[in-house]
2 protein chains.
Amino acid sequence: MIAGDRASRPGGRTARVRSDVLAAVESELAEHGYDGLTIGAVAARSGVHRTTLYRRWKTVAGLLVDLLEAGADDSWEPADTGSLEGDLIAVNREIHAALTTRPSITQAMIAASFRTTDAADALTRFWEDRYARTALVVSRAVARGEIPSDTDAHQVLLTATAPLYHQVILLRQPMSRDQADRHARIAAASVR
Amino acid sequence: MIAGDRASRPGGRTARVRSDVLAAVESELAEHGYDGLTIGAVAARSGVHRTTLYRRWKTVAGLLVDLLEAGADDSWEPADTGSLEGDLIAVNREIHAALTTRPSITQAMIAASFRTTDAADALTRFWEDRYARTALVVSRAVARGEIPSDTDAHQVLLTATAPLYHQVILLRQPMSRDQADRHARIAAASVR
DNA sequence: ATCCTAACGCAACGTCCGTCGCATTTAGGG
DNA sequence: CCCTAAATGCGACGGACGTTGCGTTAGGAT
């Protein structure tokens with residue numbers, strides 16, 4: 001919708017407006033968090049008129065969706081360390097970093113996903129893509145003969161990664177990198 | 001704050017107003033979800049004036065905090081099945097039920113927790129209490145000699161329960177009771 | 001039974017949010 | 001270089017939200 005119909009007018013001003021706005025979103029997010037993120041504030045900071053924001057992005061969630069898609073890395077794939085346990089530890093460390101750096105766009109997106117279905121859909125698509133790519137660590141382990149061929153990849157990834165999200169986002173308690181590593185090991189051991 | 005200063009006037013009308021309002025909150029929640037939950041709508045449905053709601057509960061999140069505390073079961077404790085695995089399966093089935101029944105007050109509270117710190121604090125308190133009580137299943141297993149005495153209870157519970165929350169709430173995908181059971185077994189096996 | 005005061009109802013107000021009609025600018029094609 | 005249409009800027013509007021001052025009701029105590 002937003003980044004889709006670029007066929008008509010990819011123009012210079014439009015692109016500049018977009019980058020100005022997204023930069024303003026990131027700044028506002030860093031200062032006031034998601035609950036303080038308002039279209040009026042983004043308009044004031046970016047120098048773009050409110051009406052334009054309402055027309056192109058519609059809602060605050062729409063702004064975040066665009067920000068998420070602008071930052072999406074299409075070439076991402078999990079590190080190859082040679083063992084399932086090592087791969088899962090590497091994955092968990094990436095998630096750990098994404099959840100603890102401020103401002104966490106991931107956290108803001110999750111907050112937004114509870115308000116509009118657009119944001120929820122965008123986040124679901126993003127995560128489905130990431131988990132599908134990450135399943136590679138399981139198929140590599142199968143290819144090495146490390147684990148059975150009928151291993152449920154999603155279950156393994158869920159066992160490894162879910163505790164991080166749950167602890168940090170829902171329980172709102174700190175999680176050390178050691179704990180993240182430990183859950184990766186538990187997940188690896190669960191299929192041996 | 002809300003249920004605290006009952007010393008002054010626990011009166012009949014006040015109590016009636018409270019139960020009317022909380023009932024309206026639950027109904028509105030069931031019909032329109034959290035994003036459609038507005039103070040004006042609750043006022044209209046309950047027959048209580050808007051001003052009263054603003055004075056006593058301040059925000060929508062305040063209403064949900066009160067609803068959560070009103071529904072809190074102070075006598076809750078985990079079922080005793082005789083084995084760690086059985087206990088964890090029972091716990092996971094309770095969580096599974098709480099997350100899948102509509103309307104899920106838990107889901108609404110999580111949504112609210114991303115908007116006001118009051119709701120976030122209330123939910124954190126609730127979960128800390130629940131996890132503290134649930135740690136009993138681990139100490140019982142230790143007492144039976146089933147697992148080592150230095151077992152990290154929180155880690156075990158996190159391994160068992162986090163996948164449910166993550167799958168249903170953040171990934172927004174269905175989870176069968178069998179899958180819930182399976183994650184309970186993985187957690188139990190992780191400390192043997 | 002009467003008084004006192006906390007709790008509630010009521011109306012009006014200012015503010016912010018989102019939308020609309022219209023003028024202006026700008027990108028891209030002839 | 002000009003012409004057209006898309007994108008943006010601009011002001012005004014209606015409505016919802018949250019607040020405030022004041023009058024009214026009802027519970028609890030004497």
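In what follows, chains carry the letters A, B, and so on, assigned in the order in which the sequence lines appear, proteins first and then strands, with residues in each chain numbered from 1.
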Looking at residues at least two apart in the chain, or sitting in another chain, which of them share a side chain to side chain donor-acceptor pair (under 3.5 Å) with [X]?
X	answer
Asp87(B)	Thr81(B), Arg140(B)
Thr161(A)	Tyr131(A)
Asp129(A)	Arg133(A)

When you measure from every atom of DNA chain C, which of residues 20-32 of chain B have a heavy atom less than 4.0 Å away?
->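 Those residues whose heavy atoms fall under 4.0 Å from DNA chain C, taken from residues 20-32 of chain B, amount to none.
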Checklist entry - According to a strict under-4.0 Å criterion, is Thr14(A) in side-chain N/O contact with OP1 or OP2 of dA27(C)? => result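 Checking dA27(C) against Thr14(A), no side-chain N or O comes under 4.0 Å of OP1 or OP2.
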Counting only side-chain nitrogens and oxygens, does Lys58(B) get under 4.0 Å of the OP1 or OP2 atom of dG18(D)?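 So the side-chain polar atoms of Lys58(B) never come under 4.0 Å of the phosphate oxygens OP1 or OP2 of dG18(D).
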- Query: Looking at residues at least two apart in the chain, or sitting in another chain, which of them share a ring pair (Phe, Tyr, Trp, His ring centres under 6.0 Å) with His166(A)?
  - Reply: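 His166(A) satisfies ring pair (Phe, Tyr, Trp, His ring centres under 6.0 Å) with Trp127(B), Tyr165(B) only.
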How many Å lie between [atom1] on [X] and [atom2] on [N], as a whole number?
X	N	atom1	atom2	value
Leu63(A)	dG18(C)	CG	C1'	14 Å
Arg16(A)	dG9(D)	CZ	P	10 Å
Asp35(A)	dC16(C)	CG	C1'	17 Å

With sequence neighbours excluded, give me every ring-ring contact (aromatic ring centres under 6.0 Å, His included) pair touching residues 99-125 of chain A.
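Of all non-adjacent pairs touching residues 99-125 of chain A, those that pass ring-ring contact (aromatic ring centres under 6.0 Å, His included) are Phe114(A)-Phe114(B).
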Worksheet entry | Of Leu88(A), Val138(A), Leu157(A), Val137(A), the residue whose pairing with Pro78(A) passes side-chain contact (heavy atoms from CB on, under 4.5 Å) |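 Looking at Leu88(A), Val138(A), Leu157(A), Val137(A), the match for Pro78(A) under the side-chain contact (heavy atoms from CB on, under 4.5 Å) is Val137(A).
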| message | Can you list everything that forms a side-chain contact (heavy atoms from CB on, under 4.5 Å) with Leu67(B)? Sequence neighbours excluded, please. | response |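 side-chain contact (heavy atoms from CB on, under 4.5 Å) check on Leu67(B) returns Leu22(B), Val25(B), Glu26(B), Leu64(B), Ile105(B).
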Item to check | Nucleic acid contacts - residues 42-55 of chain B versus DNA chain D, non-hydrogen atoms under 4.0 Å | outcome: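 Those residues are Arg50(B), Thr51(B), Tyr54(B), Arg55(B).
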Restricting to pairs with a member in residues 29-40 of chain B, which pass side chain to side chain donor-acceptor pair (under 3.5 Å), not counting sequence neighbours?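 Side chain to side chain donor-acceptor pair (under 3.5 Å) check on residues 29-40 of chain B returns Glu31(B)-Arg45(B).
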